[in-house]
Structures are given as structure tokens and as C-alpha cells.
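FYI, side chains are in, hydrogens and waters are out, and symmetry mates aren't considered; it's all heavy atoms of this structure. The chains referred to below are lettered A, B, ... by the order of the sequence lines, with proteins before strands, and numbering in each begins at 1.
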2 protein chains.
Amino acid sequence: MAHSHDIPTDLTRNQELVLGTLTASAGPLSAYDILDKLRGDGLRAPLQVYRALDKLVDRGLAHRLESLNAFVACADMHCHRKGLIAFAICESCGKVDEFADEVIEERLGTWARTGGFKVERTTMEIRGRCADCLAKAA
Amino acid sequence: MAHSHDIPTDLTRNQELVLGTLTASAGPLSAYDILDKLRGDGLRAPLQVYRALDKLVDRGLAHRLESLNAFVACADMHCHRKGLIAFAICESCGKVDEFADEVIEERLGTWARTGGFKVERTTMEIRGRCADCLAKAA
DNA sequence: AACGATATGTTATGTTATTACGCTTGCGGC
DNA sequence: GCCGCAAGCGTAATAACATAACATATCGTT
């Protein structure tokens with residue numbers, strides 16, 4: 001049976017290339033960053049990348065960081081899309097930490113229920129400095 | 001003494017124009033939307049709008065919605081910048097509801113403290129359908 | 001008046017994302 | 001087999017969002 005880090009097998013060539021690029025990267029990449037890295041593999045147009053990204057994001061294999069206009073591979077291959085995900089983005093090194101918090105999710109649910117708002121998607125992005133960078137700066 | 005909805009008097013002409021436009025709008029506006037509305041007032045270049053927006057956002061008089069690449073006037077003239085602000089954006093009518101939640105803020109603080117992350121700025125945006133639009137659709 | 005800080009106006013350019021169109025591929029039903 | 005459909009792909013063009021670089025102006029302070 002399946003184990004931790006396996007990549008779904010039913011990806012198309014472009015989707016695989018894009019996901020591979022994201023996975024190999026230390027930090028978020030813009031669609032155009034990805035495109036540049038994949039020119040050697042035959043990709044030529046932004047749309048090829050955007051289409052692949054759409055699918056990957058749909059499937060929870062990648063995330064879009066709205067405040068960066070960039071993308072990252074999902075950090076946790078187990079729990080795709082299982083709820084609200086928050087991202088902590090370090091302004092110094094660019095690294096992104098992904099985490100889920102049930103309390104926040106629950107709290108949001110309460111707010112929505114109260115106001116009759118139907119939540120479809122939530123983005124939560126924290127900008128700041130990660131512990132490593134703070135240590136280095138000290 | 002000052003009361004609820006007064007506009008700060010020390011804004012420059014461009015800042016006033018931009019804030020006025022945002023305040024008059026029912027929903028979020030992109031920088032270019034704003035520019036188009038202000039051509040009659042002599043504005044010609046995107047930068048004039050972006051510069052004004054920068055200041056307004058700095059001062060908490062306007063907010064940037066990252067997931068929309070658009071801007072809104074701050075809904076609450078009293079409590080500018082006093083903490084984490086969440087936005088609920090209706091995909092149907094475009095209206096934006098602005099709210100603060102101390103529990104979420106606190107929870108985020110805890111997470112940050114635990115991991116040694118220094119938070120500088122947080123964006124939280126909920127996409128979905130507002131009560132009004134749900135009622136209409138029913 | 002001289003200075004610095006802040007704001008302005010303008011042109012050009014850079015970056016991110018989508019529209020439109022046509023071709024190809026895989027697959028189920030007949 | 002072959003038709004028809006859905007999904008994917010390739011390409012060109014363009015739209016939408018944002019900033020760089022540079023010159024000028026305005027205002028408060030000394």
C-alpha cells in the first residue's frame with residue numbers, strides 16, 4: 001500500500017514537471033520562475049504552467065500564496081485539502097511553513113454560521129521572520 | 001473632538017481622491033479601476049494611484065485584498081490597524097465584510113511564539129457567498 | 001534663503017495572468 | 001472499428017497588475 005511521499009501516478013507530463021520543480025525548490029516559485037526552469041523540457045508558454053498549476057492546486061498537491069503571487073508544493077503529502085491551511089512566510093529567507101489549526105478553523109466556522117456566510121475557500125498568510133533568520137540576525 | 005466617520009485632514013490631494021473613490025465604492029477596486037474613475041480629476045498614471053494607496057494602507061485607512069489584487073476603504077474608522085483583520089469576500093456580489101477576531105489572533109500568536117516566528121503582517125481572506133446572495137439564490 | 005523630507009508627474013518597463021483558437025489524445029458506447 | 005466527447009496541449013496575442021528611474025514641485029524648519 002501507499003506510503004508517505006509518493007507522487008500520484010496519474011499526472012500528465014506537464015503537471016509532473018511543474019510539481020517536480022516546486023518540490024525541488026527551497027521556496028515558493030512564480031509561474032514564470034517555473035516556466036524558466038522548464039524551458040529545457042520543452043515548455044514555452046505561461047499557459048502551460050498555469051494550466052498545470054490549476055490542476056495541482058485543485059488536487060491539493062500545490063498551494064498558491066496570494067500575497068506572493070507564487071506557488072509551493074504541498075508540504076504534507078498525507079493530508080491534502082483536509083481543511084484550512086495557514087502559511088508562515090519568512091521575509092528574509094523566503095521559506096514557507098505550512099500548518100493547520102483546528103481552533104482557528106472552528107472559530108471561522110462559527111463566524112460564518114453566525115453571519116450566514118458560506119465559506120468556499122480561505123487563505124491565511126503570515127509574513128515575518130523565521131526563527132533561523134532571527135537567530136542569524138542577532 | 002473627533003467623531004465616527006471623519007476623514008483625516010492631512011491627506012494629500014491624490015490620497016484624498018483615492019480614499020474618496022474607495023469609500024464611495026460598494027466593493028473592492030483595483031488600482032486601475034481607481035485610476036479610471038479619477039482621470040477626470042487629472043490623474044493619469046498608475047503610479048499616482050499606487051503611491052496614494054501605499055500611504056493609505058500604511059495608515060490603515062485602506063486595505064489591500066491579496067486574493068483579489070484590489071483595495072477597499074477601511075470599514076471601521078475607529079480602530080485602524082489595531083490588530084489582525086479578516087475579510088469575507090462574497091464571490092457573487094463582491095461585497096467585503098471586515099472583522100477582527102481576538103481568538104484567532106491569540107491562537108496565531110501562540111503558534112508564532114512556539115516556533116520562534118516573528119509576525120509582521122497577516123492576511124486572512126475568506127471567499128464564499130454572503131447571506132444575501134444565498135437567500136436570493138434559494 | 002537654504003535645506004531636507006515628502007509628494008508629484010511622466011515615460012517606460014517589468015511581472016503576472018488570461019483569452020482565443022485549433023489540434024491531439026484517451027476512452028466509452030455503438 | 002469509428003464516432004463523439006472530454007481533457008489536455010501548443011501557440012500567439014493581449015490584458016491586468018505593479019514598479020523603476022528621473023525630473024520637478026511643495027512645504028516646514030532652521
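With sequence neighbours excluded, no residue satisfies side chain to side chain donor-acceptor pair (under 3.5 Å) with A/Ser25. When the ring pair (Phe, Tyr, Trp, His ring centres under 6.0 Å) test is applied to B/Phe87, the partners found at least two apart in sequence or on another chain are B/His63.
Here A/Arg129 does not pair with A/Glu91 in a salt bridge; the nearest charged N to carboxylate O distance is not below 4.0 Å.
Think of the region where chain A sits on DNA chain C: with heavy atoms and a 4.0 Å cut, that region ends 5' and 3' at C/dT16 to C/dA20.
Between the CD atom of A/Gln15 and the CG atom of A/Leu19 there is a distance of 9.0 Å, given to the nearest 0.5 Å.
The OH-P distance, from B/Tyr50 to D/dA20, rounds to 13 Å in whole Å. One interatomic measurement links the two molecules: CG of A/Leu68 to C1' of D/dA18, which rounds to 14 Å at whole-angstrom precision. In this entry the distance linking CG of A/Asp10 with C1' of D/dG8 reads 13 Å, nearest Å.
Residue A/Val103 belongs to a hydrophobic cluster whose other members are B/Val103, with links defined by side-chain heavy atoms closer than 4.5 Å.
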Margin query: What does the B/S/- profile of nucleotides 9-14 of chain D look like, 5' to 3', with a 4.0 Å heavy-atom cutoff to protein?
Written below: BBBB--
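A side-chain donor from one of B/Thr110 and B/Glu106 sits under 3.5 Å from a side-chain acceptor of the other.
Ring geometry for A/Tyr50 versus A/Phe71: interplanar angle over 60°, hence perpendicular rather than tilted (30 to 60°).
Within the structure, salt bridge (Lys or Arg N to Asp or Glu O under 4.0 Å) contacts touching residues 39-53 of chain A (residues at least two apart or in different chains) are A/Asp36-A/Arg39.
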